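Only one structure is covered here, and it is reproduced in the block below.
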Amino acid sequence: MTVLAILAASGCVMGPEDFGPQVTSKTGSLTQPMSQFREELAPYGDWVDLPDVGWVWHPDPYVVGADFVPYSTGGRWVSSDWGWAFESDWDWGQAPFHYGRWFNTPSMGWVWWPDNEWAPAWVDWRWGNGFVGWQPLAPPGINTGLSWTFVGANDFVRPDVSRYRLPESRAQELMRQTQPVGEHVVAREGHWNRGPEPTEVARATGQEVPRSKPMTPPTGHPPREHTASSHHHR
């Protein structure tokens, strides 16, 4: 099933008071995450019920900007014990950049599908020839095609990384110049990716990589012996 077929209908935009039994119920795979995040995110966008997908959140362009791209706009990449994490500049960013999945729709642009499993970032990575790229991982069962963001490796860890995005017209060229990178970590639904090695990023940028604030280990993945948790989590 293509995303075009899934999103053939534009869905119905609802206010937080209008969700009804589907949302308040604790049964079903999407209702509990929806209930968990709806009030936190409602002031900054609309919740939309998409056919065959369920409830998703569409950020308000007046809040995030008309050219918003998840894991790029309004934040920076930092290294954590669990891989690269997106550190959002928005005080509500903890939810949609560590939980759930983003995907690009023909009618509304980027929307966020809620889920309650934590990861440093739900993205895949590419690396090579002085470039780094990442793409949000879509919800299980949804194929959204290619939506890669690329920057020069020396710009990767700069604040507001979206300022350094390379033109979309270069995406195919940059796909050919880079290779998949990073360890895939099995999640409850699909996987997440640790991304390029911090030592490689440090070598490319010529400076120490920024570190994340202390983080809770991902669901079902206790710290492993070779991580440096004890040195950074005090």
Side-chain angles (χ1 to χ4, degrees), residues 3 6-7 9-78 80 84-123 134-140 142 144 147 149 159-163 165 189 192 212-216 218-219:
V3 71
I6 292 173
L7 302 176
S10 61
C12 178
V13 178
M14 308 283 278
E17 69 281 0
D18 296 325
F19 288 115
Q22 177 191 4
V23 175
T24 56
S25 168
K26 295 299 183 184
T27 61
S29 60
L30 286 181
T31 53
Q32 188 171 350
M34 175 67 193
S35 177
Q36 179 179 346
F37 296 118
R38 63 171 184 168
E39 291 183 6
E40 180 180 355
L41 295 177
Y44 310 106
D46 294 312
W47 285 96
V48 182
D49 190 8
L50 293 181
D52 299 319
V53 176
W55 290 98
V56 297
W57 178 71
H58 178 238
D60 190 330
Y62 288 102
V63 174
V64 299
D67 58 351
F68 169 78
V69 176
Y71 298 107
S72 177
T73 307
R76 70 182 301 184
W77 288 104
V78 295
S80 79
W84 290 94
F86 191 74
E87 191 172 82
S88 174
D89 295 335
W90 291 302
D91 56 7
W92 46 264
Q94 174 69 15
F97 300 117
H98 293 298
Y99 298 89
R101 315 289 175 87
W102 288 91
F103 63 105
N104 208 351
T105 70
S107 57
M108 293 182 295
W110 288 101
V111 297
W112 179 72
W113 176 84
D115 189 50
N116 56 14
E117 184 172 14
W118 185 95
W122 294 92
V123 300
W134 58 93
Q135 174 177 243
L137 292 162
I142 294 181
T144 59
S147 301
T149 291
D160 193 10
V161 68
S162 64
R163 294 172 55 193
R165 283 204 310 259
E189 296 270 7
W192 48 272
S212 71
K213 301 169 186 174
M215 291 182 171
T216 302
T219 308

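Quick caveat, the model's predicted, so the values are computed rather than measured. All values below were derived from every heavy atom in this structure, side-chain atoms included, with hydrogens, water molecules and symmetry-related copies excluded.
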Subject >> Spatial distance of atom CZ (R38) from atom CH2 (W55) [nearest 0.5 Å] >> reply: 9.5 Å

**OP:** Check the angle between the aromatic planes of F68 and F97 and answer parallel, tilted or perpendicular using the 30° and 60° thresholds.
**Re:** tilted

Side chains of residues 84-91: which donor-acceptor partners sit under 3.5 Å, not counting sequence neighbours?
from	atom 1	to	atom 2	distance (Å)
W84	NE1	P196	O	2.7
S88	OG	W90	N	3.0

**OP:** Report yes or no: is the cationic atom of R101 (NZ for Lys, CZ for Arg) closer than 6.0 Å to the six-membered ring centre of W113, at no more than 45° off its axis?
**Re:** no

**OP:** Please say which of F103, W47, W112 ends up in a side-chain contact (heavy atoms from CB on, under 4.5 Å) with V56.
**Re:** F103

Subject >> Side-chain heavy atoms of V161 within contact of W134, under 4.5 Å >> reply: yes

**OP:** Would you indicate whether the side-chain heavy atoms of P136 and W122 approach each other to under 4.5 Å?
**Re:** no

Subject >> Check against side-chain contact (heavy atoms from CB on, under 4.5 Å), W102 and V69 >> reply: CA-CA 10 Å; W102 288 91; V69 176; over 6 Å; no

Original post:
For S147, does its backbone N or O pair with a side-chain atom of Q135 as donor and acceptor, under 3.5 Å?
Top reply: yes

Subject >> Side-chain heavy atoms of P139 within contact of V53, under 4.5 Å >> reply: no

Output side-chain donor-acceptor pairs under 3.5 Å for residues 60-67, partner residues at least two apart or in another chain, one line each.
from	atom 1	to	atom 2	distance (Å)
D60	OD1	Y62	N	2.8

Subject >> R165: partners by side chain to side chain donor-acceptor pair (under 3.5 Å), with sequence neighbours left out >> reply: S72

**OP:** Give, for atom CD1 of I142 and atom CG of N104, the distance between the pair rounded to the nearest 0.5 Å.
**Re:** 12.0 Å

**OP:** Check whether any side-chain heavy atom of W118 sits under 4.5 Å from a side-chain heavy atom of Q94, and report yes or no.
**Re:** yes

Original post:
Do you know the tightest heavy-atom contact between A121 and W192?
Top reply: O-CB, 3.9 Å

**OP:** Taking all heavy atoms of D160 and all of G74, pick out the closest pair and write down the distance.
**Re:** OD1-N, 3.9 Å

**OP:** Apply side-chain contact (heavy atoms from CB on, under 4.5 Å) to the pair M108 and L50, showing each step before the final yes or no.
**Re:** CA-CA 11 Å; M108 293 182 295; L50 293 181; 3.8 Å; yes

Original post:
CG/L41 to NE2/H58 distance, rounded to the nearest 0.5 angstrom?
Top reply: 13.0 Å

Original post:
With respect to W92, which candidate in F37, W57, Y99 satisfies the ring-ring contact (aromatic ring centres under 6.0 Å, His included) definition?
Top reply: W57

**OP:** Quick one: pull up CZ in R76 and OG in S162 and give me the separation to the nearest 0.5 Å.
**Re:** 13.0 Å

